[in-house]
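Structure record follows, encoded as structure tokens.
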Amino acid sequence: MFRNFLCLSTLLFFIACTSEKTTPVASYDIVPMVQEIKTTDAKPFILNKTTKISFPATNSKLARSAALLSEYIAQITDFRLEITDKQDIENAIKLTIDYASDNPEAYIINVNSSLITINGSTEAGTFYGIQTIRKSIPVNADTEIEFPSTEITDYPFYAHRGASLDVSRHFFPIDFVKKYIDILAMFNINVFHWHLTDDQGWRIEIKKYPKLTEVGSKREHTIIGRHTGEFDNKPVSGFYTQEEIKDIVKYAEERFITIIPEIDIPGHTLAALASYPYLGCTGGPYQVGAEWGIYEDVLCAGNEEVFTFLDDVMTEVLPLFPARYIHIGGDECLKNRWMACPKCQARMRHLGLKDSPEHPLGEQLQSYFISRVEKMINDKGKSIIGWDEILEGGIAPNATIMSWRGTEGGVYAANKGHDVIMTPEQYVYLDYYQSPDVDNEPFTFGWLTELKKTYSFNPMPAGLDENSLKHILGAQVNIWTEYMPSGQNVEYMLLPRMCALAETVWTNPERKDYNEFVSRLYRLSKHFDKLEYENCKQAYEIQDSIVVDTVKNEINLYMSTFDNSPIYYTLGDKEPTAESALYTYNSPITIKSNIIFKAVTYRENVRGKVYTKDFIVHKAFAKPITLKYEPDKRYMFDGATTLVNGQLGSNASYRTGMWLGFPGTDFEAHIDMKELTDISSLDLNSYVNTRGGLFAPKSLALLISADGNTYKEVFKETYEERTEHISPVVITLSANLNEAVKARYIKVIAESVKVLPEWHEKKGDKAYLMLDEVRVY
Ligand code: TNX
């Protein structure tokens, strides 16, 4: 009995302990990482339903920020804090702007047992402090939150911290644009670059030119996929009235975000041409674009009416946006129409332009066009930003450059004394894939930009002299929406890669550390889920590194996770579980035979996404391979070993590293089989996308050699030439020998059609061979 009583009392004690509520604790480990933090053991601040948010009565901006903070807290917890202009107060979050700092966006936060003070050098600084506090809240907070006592001093590294949104390729309603602005605000982004016009839709009301929206904001249908020649049946339309624009500008302003509008000229203007055909060189008729890419029809550079039109448009657009800048595009303007247009020819003669190898005539005409528009805008009190193409043919005198085709254009412009915003597509174009598992990702038009790559970007590249550094205003991510029909698609592509950029432009570069960043981000991903922001979780899953060893003729597979979570794997196409083999970090799994490899990680008892790799081990697997003709730089990836790494390129995309692309040349691979080997067949995959310029080989040949000098052809097949387009497809070319042969060395030759044939829209351009995995059996 006594024993029973003891047991019962222990049990009751245990229940009492475990059911005692612990107050969730705030964490200042946020993104972007704060610059300085001094957390102490002093008594914490306990936030509860009675806590108030106080602002100075005379400051309407802080009053609004106080209301926003109350709203942010309500989004995560179940309660809404009262806001007050009382100053002599305890148990409060106090907003002020007394912080003396040279940086207009700096803030300091003090947390003690009676107050959280968020003190900005301006209201913008206070707003960033508010973001820090709201991100520090634990997602499981309900009635109380403990804020450890601390002092945080924080300020941004760069002044321009941007994100763009293309609303032309797809239209997004006002509510989504506001949600997008909310997401940017959470990460201290201060510029929203709004791409309002393009070939596929004109999205801003211009009262003097009503057809721009009556005609130019509508298209009947849209291309499916990439270069398929097939269209969906879904009309796309929509535009923002000037009143709606003002409302959004105000919404952004309240979140300390400046909107820079982009009116993209003189290229990317098909929607404007469809509305007013006299603006084009040929006079039309034109149709609003329904395909992606670059169109030949652009604004005529010889017609005075085009400049009158632009002046009128700018007269209406500029007053809607308080920003100092307007972006005038300038990208991807083809010159074909100009070169064939009598008005453009007359303009070039009149200007006395002389063709030169450094500055072809068309580029000089573009430079004239941009400089003239720049003057028009400068005269209205604003400055222009243009894509780096506006460097061609001579840069407009006061222009700021947005460097997108790498950072070289930016370096060049900064060294010439122009301001620069860095947006190199390989790092910050968020329309590219963010996971190598492309078959399970939303379709994009290619390339792979994983979170790690975006995070690794440094806006101050080598090659800048001392004086030029100050011209790098900052960087931004760009969202092009060709393949993002909905707001959810945009969120998924934005998050979390935008957060990587946000840290790059905010935090001092020396303090950046990728794994540590991902652990802070992982915590915030729970906020995203709670706020119902779509976000990609790939960075929290298993990461791989596959090393092809052509000496030992094997592949070493390494796996990792940002927090060294346990990884369990199977080798025989079996579902991995927590009972499967446990992977030892940093020690490779060696692949030497056909294997369907699967692995999974568990974190907080939650099972992650299963990682799967299908390794095809054939006789040329991991053998030394060299190529006679180099692949194109952009389609080189890890080079020749990609063709013997035992993995097949995906049908979904030929641009993520598994296919090699050969521009206008044949393909010739030399493989050392290491020993005399019986060979009876060979397979080679070719990605064919005729509209995109990817053609299958004309022929396939296999040659063998015992000494690596003299080769004998043992197989050759020539294929029928294509005479019309086909839908994109992966085809396998095979060489089946009647009798097996013995060879130490082999050559595989696939002849290219080299140039696009007469019947092709781009006849005469280089044709690409896009190839993967030379499988020898
Ligand atoms: C290039 S960036 C473009 C855009 C496309 C984008 C797709 C730029 C100045 N032009 O028009 O949407 O690539 O990634």
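Order of appearance sets the numbers: ligands from 1, and atoms from 1 within every ligand. Values below: all heavy atoms of this structure, side chains included; hydrogens, waters and symmetry mates excluded.
Close approach to F445 involves these atoms of ligand 1, each under 4.0 Å from a residue heavy atom: 7 (C), 14 (O). Atoms of ligand 1 found under 4.0 Å from any heavy atom of H268 (numbered from 1 in listed order, with element): 11 (O). For ligand 1, the atoms closer than 4.0 angstrom to any heavy atom of E482 are 5 (C), 7 (C), 12 (O).
Closest to atom 3 (C) of ligand 1 among all protein heavy atoms lies E332 OE1, 3.5 Å. For atom 2 (S) of ligand 1, the closest heavy atom belonging to the protein is Y429 OH, 2.6 Å. Residue, atom and distance of the protein heavy atom nearest to atom 14 (O) of ligand 1 are D431 OD2, 2.7 Å. The shortest contact between atom 10 (N) of ligand 1 and any protein heavy atom is with D331 OD2, 2.9 Å.
In the displayed structure, D765 atom CG is contacted under 6.0 Å by more than 12 heavy atoms of other residues, nucleotides or ligands.
Residue W480 places no N or O, backbone or side chain, under 3.5 Å from any N or O of ligand 1. Between D166 and ligand 1, no pair of N/O atoms sits closer than 3.5 Å.
At distances below 3.5 Å, at least one donor-acceptor pair connects side-chain atoms of H760 with backbone N or O atoms of T690.
A salt bridge is absent between D175 and K179: the closest approach of a Lys/Arg side-chain nitrogen to an acidic carboxylate oxygen does not fall below 4.0 angstrom.
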Test log, rule side chain to side chain donor-acceptor pair (under 3.5 Å), inputs Y654 and N689: CA-CA 10 Å; Y654 55 83; N689 180 333; 4.5 Å; no
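A centroid separation of less than 6.0 Å is found between the aromatic rings of F369 and F307.
Ligand 1 has R169 within reach: a non-hydrogen atom of the residue lies less than 4.0 Å from it.
Scanning for salt bridge (Lys or Arg N to Asp or Glu O under 4.0 Å) contacts around K178 gives D247, with sequence neighbours left out. Contacts of N415 classified as side chain to side chain donor-acceptor pair (under 3.5 Å), with partners at least two apart in sequence or in another chain: S468.
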